[in-house]
Amino acid sequence: TNSLKNQVNNNISDDFVKKGKFYYNNNNVKFRINAKRNIEYISIEELMDGIYQIVKKANGISKDGCFKELIKLIGYARVSDDAFHLLENTIYFLMLDGKIIEKNGCLYL
């Protein structure tokens with residue numbers, strides 16, 4: 001309810017930042033491995049960090065390979081249609097931010 005949301009927002013310390021419907025400690029968003037959460041409960045910022053880290057480690061990876069690796073790290077066996085669309089949007093935001101590029105079908109920093 002709104003009163004509960006107001007209580008949380010009014011009593012949360014300044015060490016936490018709210019982005020959308022998610023709260024972060026010191027605006028430090030890191031991807032959490034094997035957190036056993038539905039992908040819709042993972043913020044776009046956390047997914048961006050996960051994809052960025054995978055691309056950085058792989059030094060070039062296909063989108064499908066990146067998506068499969070990220071989903072595996074979350075604890076799932078396959079990329080659902082909903083997850084695919086969310087991850088496509090995440091890639092788009094990373095490219096808009098200039099953090100990754102797509103070249104010859106692969107993702108690079």
Notebook entry, point to check: Checking side-chain contact (heavy atoms from CB on, under 4.5 Å) for the pair Lys68/Arg78: CA distance, chi angles, key distance, verdict?
Noted result: CA-CA 7 Å; Lys68 287 176 185 175; Arg78 67 174 197 81; over 6 Å; no

Notebook entry, point to check: Just wondering, are more than 12 heavy atoms of other shown residues or ligands nearer than 6.0 Å to NZ in Lys99?
Noted result: no

Common cluster, [X]/[Y], ILVMFWY with side-chain heavy-atom separation under 4.5 Å:
| X | Y | value |
| --- | --- | --- |
| Met95 | Phe67 | yes |
| Tyr108 | Leu70 | no |
| Leu86 | Tyr92 | yes |

Notebook entry, point to check: Can you find a heavy atom in the side chain of Glu40 that is under 4.5 Å from one in the side chain of Asp82?
Noted result: no

Check: Are Phe93 and Ile51 close enough that some pair of their side-chain heavy atoms sits under 4.5 Å apart?
Finding: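 No; the side chains remain at least 4.5 Å from each other.
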
Please round to the nearest 0.5 Å and tell me the distance separating atom [atom1] of [X] and atom [atom2] of [Y].
| X | Y | atom1 | atom2 | value |
| --- | --- | --- | --- | --- |
| Ile42 | Thr90 | CD1 | OG1 | 10.0 Å |
| Asn89 | Leu47 | CG | CG | 10.5 Å |
| Ile71 | Leu87 | CD1 | CG | 5.0 Å |
| Gln53 | Glu69 | CD | CD | 12.5 Å |

Could you report the tightest heavy-atom contact between [X] and [Y], atom names first, then the distance?
| X | Y | value |
| --- | --- | --- |
| Ile61 | Cys66 | CD1-N, 3.6 Å |
| Asp97 | Met48 | OD2-CE, 3.3 Å |
| Phe84 | Val79 | N-CG1, 3.8 Å |
| Cys106 | Ser62 | SG-N, 4.0 Å |

Next item on the list: List the steps and the verdict of side-chain contact (heavy atoms from CB on, under 4.5 Å) for Val55 and Leu94.
Entry: CA-CA 11 Å; Val55 172; Leu94 282 165; over 6 Å; no

Next item on the list: Tell me, with the steps shown, if Tyr76 and Ile39 meet side-chain contact (heavy atoms from CB on, under 4.5 Å).
Entry: CA-CA 10 Å; Tyr76 292 96; Ile39 197 162; over 6 Å; no

